[in-house]
Amino acid sequence: IINTFNIPPENIWNFDEKGFIIGLCGRYIVYTRTTRKNPGRLTSTGNCQSTTDDETISAAGKFLPPYIVNKGVIHNAAKFRYISKDVLAGASFANAPEGVMVCTLSIDYLRDHFDKHSRPFMSANCNDRLLIWDSHLSHVSLDVRRYGVARKIHLLTFPGHQTHKLQPLDVGIFSPLANAYKIALDRWGKANRDMAMSQADFFVLLHQARGIALTEKNIRSSFETTGMYEYIENMMEIGLSYSELLANRSF
């Protein structure tokens, strides 16, 4: 696909989902005092509500605002009215019964989020984009495919059970994201020992973690490590065109 349509790094994107439970990160739980009268009794923060952070990164080292899927039926914007507008700026919010991507949300993501936010990063010399994601049923629906064809968004899925090796987000981003979130969560728990974490609190911590994990260096390294896109800067320095670089690639 890259060779056929001469797609540059700016137009090559990877999408994946990272699940969180509010107040919990992996095996780590932040503990808080339940009452001032009984400071020795501990309980976990949060309400055990699941939230999915959908991230999208490019081979040029860029990233899009997150697409957040909350568990439930209705997104209540009033809960977040006290959050700074800079927190998760440009993010899209959706709801699903289990808090994970479903078929109806995939077309919403592609049409109203990915198409909108990736367009400003597109190369001026190419109208085609490549979006690579896993083979979840919601990613291969007919509506999603039709929209991709209409907008020149080429949709490519990873083979089953190989995303942990092939997907840049899995390989190089989600681990530092989880670690940064754990540190922010631990700091929040120590500063708010008598409070349960709200969804709004979670978004603030996620924003902080994204700022640490989603760096251009980490993103470019993720693509390089998986072999999905090689940065052949030395070859570019000697004057080869982008088309000539592609001719030397096997991907």
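Of all heavy-atom pairs spanning M122 and N11, the tightest one is CA-OD1, 3.3 Å. The minimum heavy-atom distance between A91 and P65, with the atom names listed, is N-CB, 3.7 Å. Annotation for L105 and A96: closest pair CD1-CB, 4.0 Å, computed over non-hydrogen atoms. Taking each heavy atom of R129 and S118 in turn, the nearest pair found is NH1-OG, 2.8 Å. Contact between V144 and S106 at its shortest, heavy atoms only, is CG2-CB, 3.9 Å. The two atoms that bring D143 and I107 nearest to each other are O-CD1, 3.6 Å, heavy atoms only.
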* Quick one: do V204 and L88 satisfy side-chain contact (heavy atoms from CB on, under 4.5 Å)? Show the steps, please. => CA-CA 8 Å; V204 173; L88 302 182; over 6 Å; no
* Kindly determine whether L214 and I57 satisfy side-chain contact (heavy atoms from CB on, under 4.5 Å), including the steps that lead there. => CA-CA 9 Å; L214 288 168; I57 58 175; 3.9 Å; yes
* To do: Given side-chain contact (heavy atoms from CB on, under 4.5 Å), test N179 with F174 step by step and report yes or no.
  => CA-CA 9 Å; N179 288 335; F174 283 162; over 6 Å; no
* To do: Begin with the C-alpha distance, continue with both residues' side-chain angles, and end with the deciding distance and a verdict on side-chain contact (heavy atoms from CB on, under 4.5 Å) for F121 and L64.
  => CA-CA 10 Å; F121 294 107; L64 303 185; 3.8 Å; yes
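For the pair D16 (side chain) and Q167 (backbone), a donor-acceptor distance under 3.5 Å is absent. The main-chain N or O of G148 is never found under 3.5 Å from a side-chain atom of H154 such that the two would form a donor-acceptor pair. No donor-acceptor pair closer than 3.5 Å links the side chain of T225 to the backbone N or O of S222. Put simply, the side chain of N192 gets close to the backbone of W188: a donor and an acceptor are under 3.5 Å apart. Remark: side-chain polar atoms of N14 are paired, donor with acceptor, to backbone N or O of L169 under 3.5 angstrom.
I173 and I212 fall into different hydrophobic clusters, where Ile, Leu, Val, Met, Phe, Trp and Tyr are joined by side-chain heavy atoms under 4.5 Å apart, directly or via other members. Tracing side-chain contacts under 4.5 Å through hydrophobic residues (I, L, V, M, F, W, Y), one never reaches I183 starting from I22; they form parts of separate clusters. Hydrophobic clustering (ILVMFWY, side-chain heavy atoms < 4.5 Å, transitive): I7 and V149 are in distinct clusters.
Using a cut-off of 4.0 Å between Lys/Arg side-chain N and Asp/Glu carboxylate O, R151 and D115 are scored as salt-bridged. Checked for salt-bridge contact, K182 and D186 miss the test: no charged N lies under 4.0 Å from a carboxylate O.
Under the side-chain hydrogen bond (donor to acceptor under 3.5 Å, both in side chains) criterion, D108 pairs with Y67, not counting sequence neighbours.
Within the model, atoms CH2 of W13 and CG of L155 stand 14.5 Å from one another, a figure rounded to the nearest 0.5 Å. Here the straight-line distance linking atom NZ of K116 with atom CG of L110 works out to 14.5 Å at 0.5 Å rounding.
The closest side-chain heavy-atom distance from I2 to I12 is below 4.5 Å.
The aromatic ring centres of Y147 and F114 sit 6.0 Å or more apart. Centroid-to-centroid, the aromatic rings of Y181 and F202 come within less than 6.0 Å.
For residues 201-210, the pairs satisfying side chain to side chain donor-acceptor pair (under 3.5 Å) are E55-R210, S198-D201, with sequence neighbours left out.
Each of T52, N95, D53 was checked for a side-chain contact (heavy atoms from CB on, under 4.5 Å) with V69, and the lone residue meeting it is T52.
Between F15 and W133, the two ring planes are perpendicular [angle over 60°; tilted spans 30° to 60°].
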